[in-house]
Amino acid sequence: MRCLLNNWRQQERLSFSKWFRGFDKDSATAYIAGKSIYTYIVFMLKNQFQSSKCNTKKQGMNLMNNNAIEPSLPANFIRHIIEEDLKANKNNGRIVTRFPPEPNGYLHIGHAKSICLNFGIAAEHDGGVCNLRFDDTDPGKEDIEYVESIKSDVRWLGFDWGDRLYYASDYFEKLYQYAVQLIKKDKAYVCSLSAEEIRKYRGTLTEPGKDSPYRNRSIEENLDMFERMRAGEFEDGEHVLRAKIDMKAPNLNMRDPVICRIKHMEHHRTGNRWCIYPMYDYAHCLSDSIEGITHSLCTLEFEDHRPLYDWILDELGVDCHPQQIEFARLNLTYTVMSKRKLLKLVEQGHVSGWNDPRMPTLSGMRRRGYTPESIRVFSDRIGVAKRESIVDCALLEHCIREDLNERSPRVMGVLRPLRVIIDNYPEDLTEELEAQNHPTNPGMGTRKVPFSRVLYIEQEDFREDPPKKFFRLAPGREVRLRYAYYIKCERVVKDEKTGKIIELRCTYDPETKGGWSSDGRKVRGTLHWVSAPHAIKAEVRLYDRQFIKENPTRGKDNADFMDYLNPNSLEILTSSRVEQGLAGAKQGSRYQFERLGYFCVDSVDSHEGALVFNRTATLRDSWAKIEKRQGR
C-alpha cells in the first residue's frame, strides 16, 4: 500500500504539475484542479485498500501504464458479496434492496450515503429493485411531516422507488400473528417486569443476566395475556412481549429482548387501531422478509443485532431470509449526525429549523445550494468500508465546488461595498459591457453589464497602506476592472468623525476598454465591481462550519457537543449589491459570484424585490492564505 502510494506520488508529480499550470491561477478551476484533487486521489487509494483485502482490480481501481488512476464504479466489499451471490445464483439471481428510514426526523448526508448505496446497487443489476420502506413502529416520535420530507429528499437525490413504497405499519397484523407463532413455540413470553427491572435483570457485559420471574408462564397464559394486550386491557408499560432466547448470552441483544410493547398512542397511518407496537429489531427483519429483500444493508451499529435478526427469521421458518450486511456509517468533520443531537439544535434555537443551511440535513444542504449530483459523487468517492472513520468535510466541499464550477453562470456581486467615483468618466454616460457567463463554456453565452461613473468594489480590495504581495487597489496604484477598464486610485475620502474610508476618487484610462492596454503595460490586480446606480441591494448569508472542533462528539472532560458550537457559523450582510441582471433571480438558482464563491438564492426568505443569497462554498483566497501565514 505504502509502496504504491509513494510510487504514484513520485511518478505523477511532474505530469500533475504541468497539467495544473495550464489553468488560469485566478479561476475557480485552479482551486478544483489543485491540491484538493491530489489529496482526494490519495484519500481514495487509502480508502479502497482499507475497505477490503481484495486485489486492486477487484477494488475497482484500474492502473494504467503511466500509473494514473482511472476510477470505475467504486468497489467495496458489499458489491463483492453481491457479485459472488449472483455467480452462485443465490436468490435465483434476484437483487432486492431497501432504504428503511424511521419517520422521526429529517434525512441528513449520512442517510444520503445509504440511499445512494441501496438504490445504486439495485440499479447496477438487471432486474434489481430498491424499496422505500418507512419503519414506522414508534408513534410517539413519528409524524407525517417527516414521511413527506423523506420522500421529497429521496426524489431530489435522483432516485425513484416506483410502486415499491411500503410501511412497516402495513404489516402490523402479520407481525402480531408471527408473535403468536413464537409464543406457541415457547419462544416468546409476556413479561410483567417494569422497564427498570428489565434493565437490572439484563446484566452487563461482564455479568450474565437473570431470568425474569415471568419467563416460565405457560403458553396458554402468554397467548391470553398477549391477546388482552392487543385489546387494550393494560396500561402502557404494564406488560411487554419478550423473545425467549438466553439470558446468559454474551451478546446483550440476545438476552430475551423486548419485541412488542404497549403504547396507547395514535399512529399517523393506523390511527387508534393498535395499542401494541413492535420493536424495531423485530419489525425490521420480518419486514425485510415479507418484501423479499435479498440484501439488507445496515450501518455498523446493527452488527451486534444481526444474531437477533437471524434468530427471529430462523425460529419462524420464513420463506425469505435476507442477508444482513453492515457497513460503516458516514462521520463528517465539524458535524454531528445523530438525529437526537440535531433535534436538540433545532429545539434550543441554535438553528432556524431542520432546513437551516448550516444543518447536514438534505433539506438544509439543498437550501444552501448543494446539488444532488455533488452529493451522489461524494457518496461514491468516500466508498463503503467495514471500519468506522471520519471523512474530512473538505472533500464534500470539493465535490460541490467541482459540480458548481461546471454548471454555475458567473455574475458579479459586492458583499461589503466601497464606493468608487471615476472623476474623469462622463457623468451622464452608461456603457453596456459584454461579460462571459462561463469562462470555459461558450454555450452559456454572454450578458450585458452596465458601467457608470459611480461603482462599488469590495472593501477588502483596497488598502491605504498595502503590505507586500497585495496587488489590489491602493493609492497611486492601477488595477483592472473585470470586463471594463484600468482605474487608478487618486484620493481617499474618509469620515471626519470616525476616520473610516467611505469613498475612493479614481481615474480611468479610456484606452483600456475590455481590460487590456495597447501599450502592453501590466496590471497585476483584477477586481469585480457593480455599477452603483444599477446595482440591486441584496442580503447575503455567509455560512461557516457549525462546530469549531473537528469531532464535536469527543470532547475533553465530558464536554457536551454543544460546547463546541461555532458562534460565527453565520454572518448576515444586509447591504450587499449584485448586478441588475439578478433582479428576477428565482429561488434555488445558483451562481458563482466572481472571485467570491458559489451562492444560491434562498428558497424560503428570498422574494422579488428582497433578494437573499446563501453562500454555498467559497473560492480559494490567495491573499487570505498569505495573511494567515504572516499572522495578520
Side-chain angles (χ1 to χ4, degrees), residues 28 31 156 351-353 355-375 396-397 399-418 435-438 444 447 449-450 455-461 482 527-532 534-546 566 568-621 624:
Y31 181 91
W156 176 74
V351 292
S352 61
N355 67 343
D356 187 298
R358 289 167 290 184
M359 293 280 273
T361 56
L362 295 184
S363 57
M365 297 177 74
R366 180 165 66 244
R367 183 178 174 187
R368 184 162 173 170
Y370 275 77
T371 63
E373 293 84 359
S374 67
I375 294 176
L396 176 61
E397 293 166 356
C399 289
I400 186 59
R401 286 191 185 97
E402 185 178 54
D403 187 50
L404 292 180
N405 181 60
E406 296 298 323
R407 69 173 66 239
S408 298
R410 274 48 171 176
V411 297
M412 290 192 289
V414 176
L415 303 188
R416 300 172 179 87
L418 175 59
Q436 292 178 320
N437 288 331
H438 197 285
M444 294 183 72
R447 69 192 188 280
V449 292
L455 311 173
Y456 288 123
I457 66 169
E458 292 287 350
Q459 293 177 13
E460 65 179 26
D461 281 341
R482 182 78 159 146
L527 310 185
H528 62 277
W529 52 274
V530 292
S531 170
H534 305 91
I536 305 297
K537 187 176 181 180
E539 178 179 307
V540 176
R541 299 170 181 176
L542 306 179
Y543 294 98
D544 201 350
R545 293 167 179 170
Q546 197 165 29
N566 181 4
N568 301 312
S569 62
L570 171 60
E571 181 182 3
I572 299 178
L573 306 177
T574 58
S575 299
S576 300
R577 299 292 194 275
V578 296
E579 60 182 69
Q580 66 175 5
L582 293 178
K586 303 298 183 183
Q587 291 184 348
S589 300
R590 303 178 184 91
Y591 303 92
Q592 185 197 103
F593 285 11
E594 295 202 39
R595 299 180 64 241
L596 295 174
Y598 297 99
F599 293 79
C600 177
V601 183
D602 189 78
S603 59
V604 176
D605 298 327
S606 187
H607 304 284
E608 187 174 351
L611 287 175
V612 178
F613 289 90
N614 298 323
R615 185 173 67 188
T616 307
T618 60
L619 300 177
R620 70 168 188 163
D621 187 338

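Hydrogens, waters and symmetry mates play no part in the numbers below; they use all other heavy atoms, side chains included.
No side-chain donor-acceptor contact under 3.5 Å links Thr361 and Arg366.
The backbone N or O of Pro372 lies less than 3.5 Å from no partner atom in the side chain of Trp156, so there is not a single donor-acceptor pair. No donor-acceptor pair under 3.5 Å is formed between the side chain of Arg407 and the backbone N or O of Asn405. Checked by atom type and distance alone, the side chain of Arg590 pairs as donor or acceptor with a backbone atom of Gly369 at under 3.5 Å. Here the side chain of His528 pairs a donor or acceptor atom with the backbone of Gly413 at under 3.5 angstrom. In this structure a side-chain-to-backbone donor-acceptor pair under 3.5 Å is present from Arg410 to Ser408. Of the possible polar contacts, none joining the Glu539 side chain to the Ala610 backbone as a donor-acceptor pair under 3.5 Å is found.
Asp356 and Arg541 are not joined by a salt bridge, as no carboxylate oxygen comes within less than 4.0 angstrom of a charged side-chain nitrogen. The pair Glu579-Arg447 meets the salt-bridge criterion, with a side-chain N (NZ, NE, NH1 or NH2) lying under 4.0 Å from an Asp/Glu carboxylate O.
Ring orientation note: the planes of Phe593 and Phe599 are close to parallel, at an angle under 30° on the 30°/60° scale.
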**Request:** Please assess Thr371 against Leu404 for the test side chain to side chain contact (heavy atoms under 4.5 Å, CB included), listing each intermediate value before the final yes or no.
**Result:** CA-CA 8 Å; Thr371 63; Leu404 292 180; 3.9 Å; yes

**Candidate pair Glu460 and Leu418, rule side chain to side chain contact (heavy atoms under 4.5 Å, CB included), full reasoning** = CA-CA 9 Å; Glu460 65 179 26; Leu418 175 59; over 6 Å; no

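Residues Tyr591 and Val601 have side chains in contact (heavy-atom distance under 4.5 Å, counting atoms from C-beta outward). You'll find the side chain of Arg358 stays beyond 4.5 Å of the side chain of Asp544, heavy atoms only.
Residues Leu455 and Ser531 share a closest heavy-atom pair of CD2-CA, 4.0 Å.
For the pairing with Pro357, the side-chain contact (heavy atoms from CB on, under 4.5 Å) check across Arg615, Arg368, Met365 returns one residue only, Arg368.
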